[in-house]
Novice: 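Quick one: the structure is below, questions incoming.
Convention: sequence-line order gives letters A, B, ...; per-chain numbering from 1.
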Amino acid sequence: MSALFEFCLRMGDNTLVLGHRVSEWCGHAPVLEEDIALANTALDLIGQTQLWLGLAAEVQGEGKSADDLAFLRDAWDFRNALLCELPNGDFGQTLMRQYLFDEWHCMMLNALRSSTEKRVSDIADKAIKEASYHLERSRDTVIGLGDGTTESHARMQAALDYLYPYVGELFVADGHDEAATKAGIAPDLASLRDGYDAALSATMAAAMLTIPDDKFAHKGGRTGRMHTEHLGHMLTQMQWLQRAYPGASW
Amino acid sequence: MYAQMVKSTGEGVKSRDEMSPEEAAFQDRIDQDIKIEPKDWMPEGYRKTLIRQIGQHAHSEIVGQLPEGNWITRAPTLERKAILLAKVQDEAGHGLYLYCAAETLGVSRDELTEDLLSGRMKYSSIFNYPTLNWADMGAVGWLVDGAAIMNQVPLQRTSFGPYSRAMIRICKEESFHQRQGYDIMMKMAQGTEAQKKMAQDALNRTWYPALMMFGPSDKDSVHSAQSLAWKIKIDTNDELRQRFVDQTVPQAEYLGLTIPDENLKWNDEKGGYDFSQPDWEEFFDVVRGNGPCNVDRLAARNKAWDDGAWVRDGLLAHAEKRAARKTAAE
Ligand SMILES: [Fe+2]
Ligand SMILES: [Fe+2]
Ligand SMILES: [Fe+2]
């Protein structure tokens, strides 16, 4: 399959899976403003999914739709980073996950605005506005809760400790990534790491949180080699109607 | 609106002779359709009734996120998921405007929230019914938001300024909610046999609870008489229910769905449909806490609030630290 197709899947599966996770909060947030903000984040991510998976389906050229890709692939065909599929945990874990993703997402989208593939740069132009807003919010919340009470600080440190091992995967390229970079579609993933680390250090310093020393990275989501156990459960819910009533139009 | 059986003063409407000069001047303004603003003098009963009504309405928007949130993670297409998310986000926004309108009457959002969580204040009975198949997302938008609009459109002219302005904003969004609900119903009613079955099942379960949303007949209620005189309420419950039935029956026919009422019949003389009343025993059971979902809904809201305590405390502590650092730096 083409590098462009793989690339679009990786972008679209990130937003699909993370958007789904965030949408699980609906009606259960700590405060009304957060219910609104979380729904808004999920909505943006699902909207971006329509664009990425729509482009993926177009590039694939088998007459499939974004919905076919979202609802009719099994876990081994998903190409999201593992970070995106991890469970919500408490509100702190959800917002830490969001921050760790948003920081990467913004750097990625910014780089994609100069993609040689116009359809990619068009999506990036649109998505960057939403992602920047998500980042502003998630960063403020991580800082606020990290530098809040003893309890909120402890919870945010626990969230960072749990999630940090899933950050590294975002910067590890495989053959598909290298082909996309070579074609000028996407930036070299490794080249984003220094900027990311600098931003992360600044945020965590303001949040009074300690970044773990161990740089070990869980991998396998972006390549599809090995997802976590969590993804399958998400798909049973997300895909249920489409699977139970094949061929229906909704 | 999602307010049912809001108690007013319970004393009946005062005649002109019984009114103090302030009360008479207040009533004059209402009769002339001049809006009452938060700083204006108002009878204590007016203030209290409005707090009950706006509070109940706000709580309904908040609890109303749950039956629809129940299907967000199972929405069958990306577009349906996005639309549903947008709708539920709107409902939370409606809750926010309404709590703000209530705050102008001197009650805080936290106080109202406490009253919801302890069960002292109610929310609309409709949200104590479950959403069991995907067509319920259609039925909720079409019938529940439809009934809400029926109530809220006249309330745009309500006498209390902040409430009226909140209604104007909310009504715009509610009509989008109703349309997307009807659109889901249309897809389902024109779909496979299984989808048609879902659509009919959703209508069967939602019809009478939707009729209950207007509350029992209030033509003899002293509470309603006072609210009507103060223009906190514009129409009686029966008028609104009739209007809702008259509007909805042709829509159901267009969908090819059957409204679960054998007595439903056009009445030429009154220029509206005759229809069966919902089971008011069931309604009072639901209001007393015995609906199919009362316990779950309140438990979900309480859990969200309790689990979120550390977040609210943390953010507050941070804001205070920041303010202190700023003062120290100056
Ligand atoms: Fe609403
Ligand atoms: Fe509603
Ligand atoms: Fe609505």
Novice: Let me know if B/Q190 has heavy atoms under 4.5 Å from chain A in its side chain, its backbone, both or neither.
Specialist: neither
Novice: Sorted by first residue and then second, give each side chain to side chain donor-acceptor pair (under 3.5 Å) pair with at least one member in residues 304-316 of chain B; sequence neighbours left out.
Specialist: B/K303-B/D307
Novice: Quick check on A/R21 against chain B: is it the side chain, the backbone, both or neither that has a heavy atom closer than 4.5 Å?
Specialist: neither
Novice: What part of A/L95 gets closer than 4.5 Å to chain B, counting heavy atoms only: side chain, backbone, both or neither?
Specialist: neither
Novice: Under 4.5 Å, heavy atom to heavy atom: which of residues 195-202 of chain B reach chain A? Give them by number, or say none.
Specialist: B/Q195, B/M198
Novice: Is any side-chain N of the basic residue among B/K87 and B/E91 closer than 4.0 Å to the acidic one's carboxylate O?
Specialist: yes
Novice: Between B/Y97 and B/E61, do the side chains contain a donor N or O and an acceptor N or O under 3.5 Å apart?
Specialist: no
Novice: Which answer fits B/A309, side chain, backbone, both or neither, if we ask what part of it has an atom under 4.5 Å from a heavy atom of chain A?
Specialist: neither
Novice: Ring centroids only, cut at 6.0 angstrom: are B/Y99 and B/H59 within range, meaning strictly under it?
Specialist: yes
Novice: Using distance alone, with no hydrogens and no angle criterion, decide if B/E174 and B/H94 have a side-chain donor and acceptor under 3.5 Å apart.
Specialist: yes
Novice: Tell me whether A/E58 is salt-bridged to A/R119, with the criterion being a basic N under 4.0 Å from an acidic carboxylate O.
Specialist: yes
Novice: Between the side chains of B/Y129 and B/R205, does any donor sit under 3.5 Å from an acceptor?
Specialist: no
Novice: Distance only, no hydrogens: is a donor on one side chain within 3.5 Å (strictly under) of an acceptor on the other, for B/Q56 and B/Q4?
Specialist: no
Novice: Taking all heavy atoms of A/R10 and all of A/R222, pick out the closest pair and write down the distance.
Specialist: NE-O, 3.1 Å
Novice: For a quick test of reading the model, state the closest non-hydrogen atom pair linking A/M208 to A/H153 and the distance between them.
Specialist: O-NE2, 2.7 Å
Novice: Please classify the contact of A/A29 with chain B as side chain, backbone, both or neither, using a heavy-atom distance under 4.5 Å.
Specialist: backbone
Novice: Looking only at the side chains, is there a donor atom on one of B/E111 and B/S108 sitting less than 3.5 Å from an acceptor on the other?
Specialist: yes
Novice: Relative to chain A, which segment of B/V311 carries a heavy atom at a distance below 4.5 Å: side chain, backbone, both, or neither?
Specialist: both
Novice: Tell me, out of B/V88, B/T73, B/D183, who's got the most heavy-atom pairs with chain A below 4.5 Å.
Specialist: B/T73
Novice: Heavy atoms under 4.5 Å from chain B: which residues of residues 74-81 of chain A carry them?
Specialist: none
Novice: At a 4.5 Å cut-off on heavy atoms, which part of A/M234 comes close to chain B: side chain, backbone, both, or neither?
Specialist: neither
Novice: Looking at B/A92, B/A317, B/G308, which makes the most heavy-atom pairs under 4.5 Å with chain A?
Specialist: B/A92
Novice: Quick one: what part of B/T192 sits under 4.5 Å from any heavy atom of chain A, side chain, backbone, both or neither?
Specialist: side chain
Novice: How about OH on A/Y133, more than 12 heavy atoms from neighbouring residues, nucleotides or ligands closer than 6.0 Å, or not?
Specialist: no
Novice: Over 60° means perpendicular and under 30° means parallel, so tell me whether B/W71 and A/W240 are parallel, tilted or perpendicular.
Specialist: tilted
Novice: Which region of B/R322, side chain (C-beta onward) or backbone (N, CA, C, O), has a non-hydrogen atom less than 4.5 Å from a non-hydrogen atom of chain A, or is it both or neither?
Specialist: neither
Novice: Under 4.5 Å from any heavy atom of chain B, what part of A/Q242 do you find: side chain, backbone, both or neither?
Specialist: side chain
Novice: Are there over 12 heavy-atom neighbours, none belonging to B/Q251, within less than 6.0 Å of that residue's CD?
Specialist: yes
Novice: Taking side chain as everything from C-beta outward and backbone as N, CA, C, O, which of these in A/W250 sits under 4.5 Å from a heavy atom of chain B? Side chain, backbone, both or neither.
Specialist: both
Novice: Can you confirm whether the side chains of A/Q157 and A/D161 place a donor and an acceptor under 3.5 Å from each other?
Specialist: yes
Novice: What are the two closest non-hydrogen atoms of A/M96 and A/A159, and how far apart are they?
Specialist: CB-CB, 3.9 Å
Novice: Are more than 12 heavy atoms from other residues, nucleotides or ligands located less than 6.0 Å from atom CZ of A/R243?
Specialist: yes
Novice: Chain A: which of B/V63, B/I72, B/T77 shares the most heavy-atom pairs with it under 4.5 Å?
Specialist: B/T77
Novice: Side chain from CB out, backbone as N, CA, C, O: work out which of these in B/L315 comes under 4.5 Å of a heavy atom of chain A, or both, or neither.
Specialist: both
Novice: Tell me, out of B/G69, B/G314, B/G93, B/A319, who's got the most heavy-atom pairs with chain A below 4.5 Å.
Specialist: B/G314
Novice: Return the set of residues passing side-chain hydrogen bond (donor to acceptor under 3.5 Å, both in side chains) with B/S118 (not counting sequence neighbours), or none when no residue passes.
Specialist: B/R120
Novice: Can you tell me which of B/E79, B/R80, B/R109 forms the most heavy-atom pairs within a distance under 4.5 Å of chain A?
Specialist: B/R109
Novice: Which atoms of B/I62 are under 4.5 Å from chain A, going by heavy atoms: the side chain, the backbone, both sets, or neither?
Specialist: side chain
